[in-house]
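Have a look at the structure below, then the notes.
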Amino acid sequence: MDPTGEQVLSTEDIVVGSISKSPEIEVEVAVVAPLKRDEPLVTRKELWSYYLYYNGDNGVGPNGYSLTLFQSLATSAGYDPVYGPGSSCTASDASGQCVLPWGSGTKAVSSVVLVSNGVSFAIMTLIFTTIGSAADYGTFGRWLLLVITIICWGAQFASMALTSPSRWGAAMALYMIGFVTYGATLVFYAAIFPRLARNTPHARGLREKYECGEVSVEEYELEESLEKNRISNISTMHSNVGYIFTLCLNLSILLPLANNSLVDNYTIVLTNAYWVITGIWWFIFQEPRPGPTLPRSEHYLTIGWKQIWIALKQYQKLPYTFIYLVAFFLLADGLNTTGTLISICQNDKFSFSFLQNTYLGLAQAITSTVSTLGFWYIQKYWKISTKKMFVVTNVVTILIPLWGMIGIWTQKFHNVWEFWAYNVVFGLFQAPYYAFSQTMMAELTPPGFDNMFFGLFGLSNRASSMIGPNVIQAIINDTNNNWKGFPFLFALCTAASLVIWFAVDITTGRRDAVAWADKHSSYAETGVLCDDEDDSVNAKTYGKTT
């Protein structure tokens, strides 16, 4: 049995595992990722530059400050519907409601923010479906990450132009550009780590031992999984360390320049400059591991759609991969929208204060760093499966919108201390959530098809939330009550978590993925993925009978 309690296949073969389908028939199952091209070992310098990129790409700017600045300018430009046009949403006698002119009518500021998020996620969907799979070919993925990173940097630096409430429309546009490209950097950055994990000295040495018969299938699979978790957890830890350092660095501006009208703009620029300094090294020290050449008859803007169509047709051969993708689509939608809704409530509560948000962010960042290291130590020491660790984080994912839902009928989530508690709890459990969800995807991804399936994962993770924000903004716009969006989010997170807990078999899913990749191993040389109609290729039937 493996750490998840699932049955592990025994083997005496040095290349494949064996599973007995009946007393008379034994089928050999591929368990080692097919590597057809010589790829360089991961160097220490390369691995550290990979960590440093994520250290700077911590979301403080595009995912935090930019949203606060946008919402602040929009609120200053809006008016209180109770008192009519010309009134101020921030006046001492304000009703707490705030609307902006929108089309032929008005829309609540919170709804405008959620609409911008929904549109941003829709744009991400277009990006991931159009060019996500294309990143598996040649060096396209390497250049793609560089371009979207530079665009994100440019949008952040352009925040210096946002100097008055009348520019809330420009703030919305820059926020969306930064948010879209930031989300894309996370997806294409994450797609790199499975290949890195397969080429570390430890992973390559482990593979050689397995092929020489020195380690069993069980030990190989467990150690390879732990190597993926090591890189994923350490990179996540670096992101949190960068989060802490960036917030502390920003205090050097926020405190002495507290009365300066442009202090928020300066803070975004400083945050972005830190990412530029730490992120540029990845593009310098990344070792070349190009994918296959793009077929002559294909184009980078069309191959992605074809590859995704082929990938989607593999659901019978990769059932657990696709169950996870669908369930995670709903889970990520619920969690991402919950985070956005709480940020809106938090900004209202603390009057869009960058300084207060920095203090709250520090609480979250410190606990995130501690919890990421703690979860990794617990997993490594007791050799606990990725799925079990992920389940623990899912429980808190459900409890957060439940607490917000209680705020409909009580004063829960209306008090200052509760926002502090939220940031601490989020740090303790949701930082490991991101690391383990990423590793779960790596476990279920066919080796060599990383960008194709991480593109789908991007749809599930980042682009999924084109649904939640649009539903929630409609609820808020109709009720003028932010808390009435939480019941929908609670139901969404609960349903998705139950599917992941009880319907995703990681051991079988991993072997399905390796078997599928081995079946299509010619892709590594030709770049052509055959649309094979034979639906018998999976971990239970792949191989040869003996």
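Both backbone and side-chain heavy atoms feed into the values below; hydrogens, waters and symmetry mates do not. Please read these numbers as outputs of a predicted model, since none were measured by experiment.
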What I'd like to find out is whether the side chain of [X] reaches to under 4.5 Å of the side chain of [Y], using heavy atoms alone.
{"X": "T106", "Y": "L100", "value": "no"}
{"X": "W282", "Y": "T149", "value": "no"}
{"X": "R198", "Y": "D450", "value": "yes"}
{"X": "Y51", "Y": "S235", "value": "yes"}
{"X": "Y359", "Y": "W420", "value": "yes"}
{"X": "L251", "Y": "L355", "value": "yes"}
{"X": "W376", "Y": "S371", "value": "no"}
{"X": "N415", "Y": "E418", "value": "yes"}

For [X] and [Y], work out which heavy atoms get closest and say how close.
{"X": "N199", "Y": "R195", "answer": "ND2-O, 2.8 Å"}
{"X": "G178", "Y": "A155", "answer": "N-CB, 4.0 Å"}
{"X": "F285", "Y": "S49", "answer": "CB-OG, 3.9 Å"}
{"X": "M172", "Y": "F70", "answer": "CB-CE1, 3.5 Å"}
{"X": "Y65", "Y": "I268", "answer": "CB-CG1, 3.7 Å"}
{"X": "C152", "Y": "W275", "answer": "SG-CZ3, 3.5 Å"}

If I take atom [atom1] from residue [X] and atom [atom2] from residue [Y], how far apart are they, to the nearest 0.5 angstrom?
{"X": "L262", "Y": "L257", "atom1": "CG", "atom2": "CG", "result": "10.0 Å"}
{"X": "N233", "Y": "Y434", "atom1": "CG", "atom2": "OH", "result": "15.0 Å"}
{"X": "N347", "Y": "T75", "atom1": "CG", "atom2": "OG1", "result": "8.5 Å"}
{"X": "Y243", "Y": "C248", "atom1": "OH", "atom2": "SG", "result": "12.0 Å"}
{"X": "F390", "Y": "Y324", "atom1": "CZ", "atom2": "OH", "result": "4.0 Å"}
{"X": "S239", "Y": "L52", "atom1": "OG", "atom2": "CG", "result": "12.0 Å"}

Is a donor from one side chain sitting under 3.5 angstrom from an acceptor on the other, for [X] and [Y]?
{"X": "S353", "Y": "S351", "value": "no"}
{"X": "Q71", "Y": "W168", "value": "no"}
{"X": "N55", "Y": "Y274", "value": "yes"}
{"X": "N117", "Y": "T340", "value": "yes"}
{"X": "Q156", "Y": "T271", "value": "no"}
{"X": "Q346", "Y": "N357", "value": "yes"}
{"X": "Q430", "Y": "T397", "value": "yes"}
{"X": "D80", "Y": "S95", "value": "yes"}
{"X": "T185", "Y": "D57", "value": "yes"}
{"X": "Y182", "Y": "N58", "value": "no"}

(request) Show the numbers, then the answer: is there a side chain to side chain donor-acceptor pair (under 3.5 Å) between S232 and T439? (result) CA-CA 7 Å; S232 182; T439 307; 3.3 Å; yes
(request) Decide, yes or no, whether a salt bridge links R289 with E46 under the criterion of side-chain N to carboxylate O below 4.0 Å. (result)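 Yes.
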(message) Which residue in the set T267, I253, V263, N265 passes side-chain contact (heavy atoms from CB on, under 4.5 Å) when paired with F354?
(response)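 Exactly one candidate clears the test, T267.
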Measure centre to centre between the rings of [X] and [Y], then say whether the value is under 6.0 Å.
{"X": "Y189", "Y": "Y50", "value": "yes"}
{"X": "H299", "Y": "W305", "value": "no"}
{"X": "F457", "Y": "F454", "value": "yes"}
{"X": "F490", "Y": "F486", "value": "no"}
{"X": "F188", "Y": "F128", "value": "yes"}

(message) Please check if the number of heavy atoms outside F245 that lie under 6.0 Å from its CZ is greater than 12.
(response)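 No, because the 6.0 Å sphere around CZ of F245 holds 12 heavy atoms or fewer from other groups.
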Does the plane of the ring in [X] sit parallel, tilted or perpendicular to the ring in [Y]? Use 30° and 60° as the thresholds.
{"X": "F419", "Y": "F350", "value": "perpendicular"}
{"X": "F449", "Y": "F453", "value": "perpendicular"}
{"X": "F436", "Y": "F375", "value": "tilted"}

(request) Quick one: do K228 and Q438 satisfy side-chain contact (heavy atoms from CB on, under 4.5 Å)? Show the steps, please. (result) CA-CA 9 Å; K228 291 190 183 84; Q438 180 175 279; over 6 Å; no
(request) Apply side chain to side chain donor-acceptor pair (under 3.5 Å) to T246 and N250, showing your working. (result) CA-CA 6 Å; T246 301; N250 289 338; over 6 Å; no
